[in-house]
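Worksheet: one structure, shown below.
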Amino acid sequence: QKSKALRAINLIKEKCNGKIKGRCCSDGSGQRKYVPREEASTPTIAVESLIALVTIFAFEKRDVVVFDVPGAYLHADLPDDKFALLRFEDQFVDIMVEVNPDFASSVRNERGQ
């Protein structure tokens, strides 16, 4: 299981008001060995298709609404027989432990890192 854990990619920046903003996603390239591509990919629209749709909507004077559901991926239901393993690395581990010291008990060093 540990060898199949997906590496977490963390993007952290300090906003101009001093708040820290972070985003995390997984590097799914390791899944290519054992998960078929059609099961591992998230369907997204091609840029050309989006431009065509927007052009049609504008021509037809349609109302268009765009919205985001914060954390939808993180709060999605996962079947009981499935689980996700993410491997956090480097300074992000230190940041997580600083934010919540309870995480320290879950930190494991591998190969001296």
Side-chain angles (χ1 to χ4, degrees):
Q1 290 176 347
K2 191 167 69 169
S3 66
K4 291 183 178 181
L6 301 177
R7 187 172 65 95
I9 299 171
N10 304 289
L11 306 169
I12 302 171
K13 68 177 182 178
E14 184 174 356
K15 297 176 75 173
C16 55
N17 64 3
K19 288 187 177 182
I20 302 295
K21 180 177 182 176
R23 295 186 181 267
C24 178
C25 62
S26 63
D27 177 5
S29 62
Q31 291 180 316
R32 292 186 186 133
K33 300 172 196 158
Y34 57 91
V35 176
R37 183 179 187 96
E38 56 275 357
E39 290 181 24
S41 64
T42 302
T44 55
I45 190 170
V47 173
E48 294 83 3
S49 301
L50 179 62
I51 292 170
L53 284 172
V54 169
T55 303
I56 292 168
F57 294 162
F59 179 78
E60 295 178 351
K61 297 180 177 20
R62 291 189 184 193
D63 292 329
V64 177
V65 176
V66 178
F67 64 93
D68 183 24
V69 181
Y73 176 76
L74 295 175
H75 295 96
D77 290 333
L78 192 63
D80 291 337
D81 63 330
K82 304 287 183 184
F83 61 90
L85 281 176
L86 287 177
R87 183 177 66 233
F88 295 96
E89 300 174 341
D90 304 322
Q91 69 269 22
F92 194 73
V93 175
D94 299 331
I95 293 169
M96 289 181 63
V97 171
E98 185 177 325
V99 170
N100 187 344
D102 292 341
F103 291 147
S105 62
S106 300
V107 174
R108 302 288 179 266
N109 287 330
E110 293 184 3
R111 296 184 293 275
Q113 298 177 341

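Checked against salt bridge (Lys or Arg N to Asp or Glu O under 4.0 Å), E48 has no partners two or more places apart in sequence or in another chain.
Hydrophobic clustering places L50 together with F57 (ILVMFWY residues linked when any side-chain heavy atoms are closer than 4.5 Å, directly or through intermediates). Linking ILVMFWY residues whenever their side-chain heavy atoms come closer than 4.5 Å, directly or via other members, places V54 and V64 in the same cluster.
Between E60 atom CD and D63 atom CG the span is 12.0 Å, to the nearest 0.5 Å.
Using a 4.5 Å heavy-atom threshold, the side chains of L53 and I45 count as touching.
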Which atom pairs, donor and acceptor, lie under 3.5 Å between side-chain atoms of residues 94-105 and protein residues at least two apart or in another chain?
residue: N100; atom: OD1; partner: D102; partner atom: N; Å: 3.0
residue: S105; atom: OG; partner: D102; partner atom: O; Å: 3.2

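Residue D81 qualifies as enclosed at atom CG: its count of foreign heavy atoms under 6.0 Å is above 12.
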